[in-house]
Protein chains: 2
Amino acid sequence: MPAIDQLVHTVAARRIICRGQDDLTSVPIICSGWALSAVMLPDGSRQILSFLLPGDLVSPSLLFDSKPDSFVEAITTVTYRAFNRLNLRQAITTEPAAFSALARMWFREKRRTEELVVDLGRRSASERIARLIIGLVERLQERSMTSGPFEVDFPLRQHHIADATGLTPVHVNKLLSEFRRKELIRLSDRSLAILDPAAFRAAANLR
Amino acid sequence: MPAIDQLVHTVAARRIICRGQDDLTSVPIICSGWALSAVMLPDGSRQILSFLLPGDLVSPSLLFDSKPDSFVEAITTVTYRAFNRLNLRQAITTEPAAFSALARMWFREKRRTEELVVDLGRRSASERIARLIIGLVERLQERSMTSGPFEVDFPLRQHHIADATGLTPVHVNKLLSEFRRKELIRLSDRSLAILDPAAFRAAANLR
DNA sequence: CGACCGATTGATTTTTGTCAACAAAGGTGG
DNA sequence: CCACCTTTGTTGACAAAAATCAATCGGTCG
């Protein structure tokens with residue numbers, strides 16, 4: 001990744017944006033598109049830690065250090081802006097506002113990661129999938145990235161859902177089919193609609 | 001939890017030290033004993049997020065905010081020191097050394113949580129248990145809390161291991177029995193020894 | 001003593017993964 | 001534009017992993 005500040009970069013779908021091992025001189029912020037942050041295991045399987053949407057800092061912790069075996073990959077075509085790492089770090093230590101902004105981001109990320117731990121540790125496969133979808137829809141709503149009341153563009157493949165929920169793609173497929181059969185959601189052609197929000201939240205064990 | 005700074009508090013095993021909902025005026029640091037941080041689910045099951053050993057700050061994020069449904073519980077008798085939250089926060093924003101100390105703690109915690117995500121999402125039950133045990137032994141070694149080369153005091157009950165690894169106590173029991181049968185570990189009377197470190201690490205898929 | 005907690009074990013069920021086959025969609029190079 | 005190849009989604013049969021249920025037993029603590 002080039003180190004030039006402020007320049008907008010474009011990455012095609014399925015390409016890697018950065019790896020934990022890279023010594024990063026810049027911190028990317030997503031401008032458009034979806035990305036994922038994941039850990040690769042030696043056996044070839046992987047665990048997605050988070051999905052990154054426009055406005056997301058690519059791992060706040062990258063400000064300080066990198067992480068082994070973790071990487072960020074584009075799901076759709078992604079554009080991002082690279083900010084100078086040292087400059088950001090400087091801003092954080094000198095400006096209180098920047099510091100608390102960072103603290104808030106860290107906080108949100110931490111909370112999301114811990115919710116993921118709870119989901120993976122203590123919830124059923126269908127709960128995990130439903131919660132993942134609802135969480136993403138809520139984040140898209142916050143960004144006004146909706147195409148209808150409960151309808152959004154949804155570029156994830158079933159294997160993304162599998163890698164995020166700790167399941168196999170085949171099993172994800174079967175459970176999504178079941179959600180469709182029960183008319184809780186509609187999902188086709190990269191478009192998702194939650195048809196029965198109340199019932200779907202119930203399936204996710206929310207509210 | 002009283003707000004008096006620097007005072008050492010004592011909590012009996014199985015008692016709650018603090019809850020996320022509490023508006024905390026102080027931040028506890030464990031002086032002796034083991035504690036756990038966990039999330040409770042409505043159905044009564046729970047997910048342990050981390051075990052706290054002497055020297056650990058009870059959730060660095062408590063410096064800024066609290067978290068719903070998460071709580072800290074004593075496993076053994078625990079003593080902790082309560083530090084004033086605002087003072088600590090002040091120190092962090094004014095002293096660079098304190099700031100980077102906090103950043104490092106945050107970092108370690110983040111890394112551990114993400115490793116937990118990977119374990120829960122992508123590893124088998126026996127790998128999870130072995131990794132949990134090895135991680136704890138390593139942390140105890142760092143603190144010189146060992147009673148032999150690969151031997152430590154180990155106050156966890158099987159249900160603690162179950163709640164940390166997202167398994168049932170019954171299943172944990174069976175897998176621990178298998179580790180014992182294979183003579184990888186010895187575990188009885190709150191004492192743990194890793195008899196065959198190489199084989200046990202292999203079971204954990206480490207190194 | 002009696003109640004509870006924790007560990008253990010076996011039988012059985014549920015959940016999830018694996019394997020295999022196939023079809024639709026989409027991109028690529030000729 | 002077509003032929004080919006890869007990716008993605010789908011389905012069914014079967015296997016493995018883990019949960020559930022149930023019973024027992026030994027401590028520990030009022």
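Computed from a predicted structure; not experimentally measured.
Here the P atom of nucleotide D:dG12 and the CD atom of A:E178 are 13 Å apart, to the nearest Å. Atom CG in A:L120 sits roughly 20 Å away from atom P in D:dA17 (whole-Å rounding). Note: CZ (B:R14) to P (D:dT28) measures 13 Å, nearest angstrom. Nucleotide D:dT8 holds its C1' atom 12 Å from the CG atom of A:L187, rounded to whole Å. D:dT11 atom P lies 8 Å from atom CZ of A:R180, rounded to whole Å. We find that CG of B:D189 is positioned 11 Å from C1' of D:dG27, with the value rounded to whole Å. B:I129 places its CD1 atom 9 Å from the P atom of D:dA19, with the value rounded to the nearest Å. The separation between B:F179 atom CZ and C:dT8 atom P is 14 Å, rounded to whole Å.
Phosphate proximity of D:dT20 to B:T168: absent, as no side-chain N or O sits under 4.0 Å from OP1 or OP2. Between A:R122 and D:dA19 there is no side-chain polar atom (N or O) within less than 4.0 angstrom of OP1 or OP2. The phosphate of D:dA17 has neither OP1 nor OP2 within less than 4.0 Å of any side-chain N or O from B:S124. Remark: A:H171 is not in phosphate contact with C:dT15, judged by side-chain N or O atoms under 4.0 Å from OP1 or OP2. The side chain of A:N173 contributes no N or O atom lying less than 4.0 Å from OP1 or OP2 of D:dG9. Taking side-chain N and O atoms only, A:Q158 has a distance below 4.0 Å to OP1 or OP2 of D:dT10. An OP1 or OP2 oxygen of C:dT8 is reached within less than 4.0 angstrom by no side-chain nitrogen or oxygen of B:R157.
Salt bridge status for A:E115 with A:R128: absent, with no side-chain N to carboxylate O gap under 4.0 Å. In summary, B:E178 and B:K182 engage in a salt bridge, as defined by a charged side-chain N under 4.0 Å from a carboxylate O.
Note on ring orientation: taking the six-membered ring where Trp is involved, the planes of B:H160 and B:F51 are perpendicular (angle over 60°, cut-offs 30° and 60°). Between B:Y80 and B:H9, the ring planes are parallel. Angles under 30° get that label, and only those over 60° would be called perpendicular.
Relative to the side chain of B:R190, the nucleotides C:dT18, D:dA19, C:dG6 differ in distance, and C:dG6 lies closest. The nucleotide whose nearest atom lies closest to any side-chain atom of B:A125 is, among D:dA18, D:dT20, D:dT11, D:dA18. In this structure, the nucleotide among C:dT9, D:dT11, D:dA19 sitting nearest to the side chain of B:L167 is D:dA19.
Mapping B:K174 and B:H159 onto DNA chain C by nearest heavy atom places B:H159 at the nucleotide closer to the 5' end.
Within the 3.5 Å criterion, the main-chain N or O of A:S191 finds no donor-acceptor partner in the side chain of A:E151.
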